Amino acid sequence: MSWSVLEALRTNPDVLKESLKKRYLPTDLVDKALELDAKWREAVTELNRLRERRNEINRAIPRASPDERQELIKRSKELGAKVKELEDLVKKLSEERDAILMSLPSIVHESVPEGPDDTYNVPVRFWGVPRVPKSKLERFKEETSGFDVEYQLVDWEPKGHADELELVLKQGDTLKAAQVSGSRFFYLFKDIVWLEQALIMFALDHITKKGFIPVLPPYMMREQYYLGVTDLETFKDSIYKVEGEDLYLIATSEHPLIAMHAGDTFTEDELPRLYVGVSPCFRKEAGTHGKDTKGIFRVHQFTKVEQIVYSKPEESWEWHERLIRNAEEIYQQLEIPYRIVNIAAGDLGACAAKKYDLEAWFPAQGRYRELVSCSNCVDWQSYRLRIKLDRKGRREFVHTLNSTALATTRTICAILENHQREDGVVEIPKVLRRYLEPFEAAPKEVIEPIKKLLKE
RNA sequence: GCCGGGGUGCCCUAGCCAGGAAGGGGGCUGGCCUGGAGAGCCAGUGGCCCACUGGGCCGCGAGGGUUCAAAUCCCUCCCCCGGCGCCA
């Protein structure tokens, strides 16, 4: 049983180097790890030999005569000192090697586009008929170049999602939230609260119909498990620590849903295992100062419905396609035009071997913006957390996949722009109707501006 | 939070007091047997290293310590069960 990256390191290091080059990462770590691994194996072999000799002596001690005993103890002590020395060396070498191994990202899939950053991401398909204000036509043409995307030209300017929420509808307040909690927090009121609840129920309904098991996970996790599900860069920049405790607030339910099976062994008939998590997500958003500062597009906390798959290795690529299709169905039913983008290797997180984003059209910005991320992490997480597949005695690591089904705040932003009428009223997607119907106070067809914010 | 009892391989369990190669049962997999099944019998069923008909090392919740030698003794931590306290 071996991790694909470790196996590649030992049997075909060039594959690993090619993958790192594709990600625009340095390849010298591969040679370094290879060297440390060779030294470690040599030292372990020697250590095992020494321990064997010492064990032989130790086993003879209880049966030895008193005279012999003193001599044997003396020899065992001498060997023990050498063993200790070598143990320290082995520990040092394996720690250095593992530090490198743990920093190595997944081997990228052959279909992943090459390129250092998100400008090399490749759109693979478009859906819907975007409404394009005249002022944004040029940008729309840029965003859809190479594709013949049908669109509807509008002769008025939709309000941006932030202004629509806070100034037109007056059902959100990020200024007050900033005073109380800081930037990137929000208060949402009235119809938007109902809208968020309906979105969660709609996504949960849609995904559970496909056999996914709904899960409410813990919202905090220990560091040990966090390092099993994510890479250090993401960890440092996005995860909140609870002061004085070995606990971190989850950045997505993917993390506790993957850690849930740490150390477990699946049999073949237990896979695929499908889960849909619902949870708040907490993100520091370090290093994003100045980006999307208005409204609730980029915030420290939001609710997300998340699809998780544990699959047999040979089925994971098929599941990757299915997960993104599931997400697409949600946005089709919400009548939000989008495109699917194949993320370039240089823009890919360490866990993922391939990632699709679903980007919704935002008429006021004249851009497609990320609403969904869908990754195949292959055996990167399962190796770290020892999540295995037992194939009649032979063991492999399972593959893990994750995809957003629906993140509430960003979806609300997309609805506010795409379903906005010229008079400022926002039409509620019809598919949400059944999740609003039971509640007297909930809006049913449209969200209309209210006179005053509730807190005033 | 306090007191007590626990954590042993896929599951259950013995071993712990009194340190000296982790034993038994169940399940599963393979083999023998059978017309077939069952029973019975045999083997395998954690990780790693070297050699590739084999051998060895580590592993008893995690990490340290004592010792020639630790599942066993000592320390710290985690988790589970019971009782008390607190509590939506």
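Quick caveat, the model's predicted, so the values are computed rather than measured. In what follows, every chain begins at residue 1, and chains take the letters A, B, ... in the order their sequences are listed.
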**Prompt:** How far, in whole Å, is B:C74 from B:G19 if one measures between their P atoms?
**Reply:** 12 Å
**Message:** Using a heavy-atom cut-off of 4.0 Å across all strands, would you classify A:Arg69 as base, sugar-phosphate, or nothing?
**Reply:** nothing
**Prompt:** What distance, rounded to whole Å, do you find between the two C1' atoms, one in B:C28 and one in B:C12?
**Reply:** 15 Å
**Message:** When you measure from the side chain of A:Glu285 to the backbone of A:His300, do you find a donor-acceptor pair of N or O atoms at a distance under 3.5 Å?
**Reply:** no
**Request:** I would like to know whether A:Lys39 and A:Glu35 meet salt bridge (charged side-chain N to carboxylate O under 4.0 Å, His left out); could you show each step before the answer?
**Result:** CA-CA 6 Å; A:Lys39 279 187 185 166; A:Glu35 187 193 326; 3.5 Å; yes
**Request:** Nearest whole angstrom, please: distance from the P of B:C57 to the CZ of A:Arg51.
**Result:** 9 Å
**Prompt:** Which parts of nucleotides 64-73 of chain B does protein reach within less than 4.0 Å, heavy atoms only, written one letter per nucleotide 5' to 3' as B for base, S for sugar-phosphate only and - for none?
**Reply:** S---BS----
**Prompt:** Is B:G46 paired to anything, Watson-Crick or G-U wobble with both distances less than 3.5 Å, and if yes, which nucleotide?
**Reply:** B:C58
**Message:** Between B:C16 and B:C32, how far apart are the two P atoms, rounded to whole Å?
**Reply:** 42 Å
**Fill in**
In Watson-Crick or G-U wobble terms, with both distances under 3.5 Å, the base opposite B:G23 is B:U13
**Request:** Could you please name the partner base of B:A71, counting Watson-Crick and G-U wobble pairs only when both distances are under 3.5 Å?
**Result:** none
**Asked** Taking side chain as C-beta onward, heavy atoms only, is A:Glu328 less than 4.5 Å from A:Ile324?
**Response** yes
**Prompt:** So what does A:Asn55 hit on the nucleic acid, given a heavy-atom distance under 4.0 Å: a base, only sugar-phosphate, or nothing?
**Reply:** sugar-phosphate
**Smallest separation among heavy atoms of A:His206 and A:Lys210, with atom names** = NE2-CE, 3.5 Å
**Check: A:Phe266 ring centre within less than 6.0 Å of A:His261 ring centre** = yes
**Prompt:** When the ring centroid of A:Trp317 is compared with that of A:His109, is the distance short of 6.0 Å?
**Reply:** yes
**Request:** Look at the side chain of A:Ser76 and the backbone N and O of A:Leu72, then say whether any donor-acceptor pair between them is shorter than 3.5 Å.
**Result:** no
**Item:** Spacing of the C1' atoms in B:C17 and B:G27 (rounded, Å)
**Value:** 33 Å
**Request:** Please determine if A:Arg433 forms a cation-pi arrangement with A:Tyr435, meaning its NZ or CZ atom is less than 6.0 Å from the six-membered ring centre and no more than 45° off the ring axis.
**Result:** no
**Item:** Rounded distance (Å) that lies between atom P of B:A62 and atom OH of A:Tyr225
**Value:** 11 Å
Could you pull out the protein-nucleic contacts involving nucleotides 49-55 of chain B (nitrogen or oxygen on both sides, under 3.5 Å)?
unit_1: B:C49; atom_1: OP1; unit_2: A:Arg10; atom_2: NH1; d: 2.9
unit_1: B:C49; atom_1: OP1; unit_2: A:Arg10; atom_2: NH2; d: 3.2
unit_1: B:C49; atom_1: O2'; unit_2: A:Thr45; atom_2: OG1; d: 2.6
unit_1: B:C50; atom_1: OP1; unit_2: A:Arg41; atom_2: NE; d: 3.0

**Item:** Heavy-atom check, side chain of A:Glu87 versus side chain of A:Lys91, under 4.5 Å
**Value:** no
**Request:** Considering only atom P, compute the distance from B:G7 to B:G61 and round it to an integer number of Å.
**Result:** 8 Å
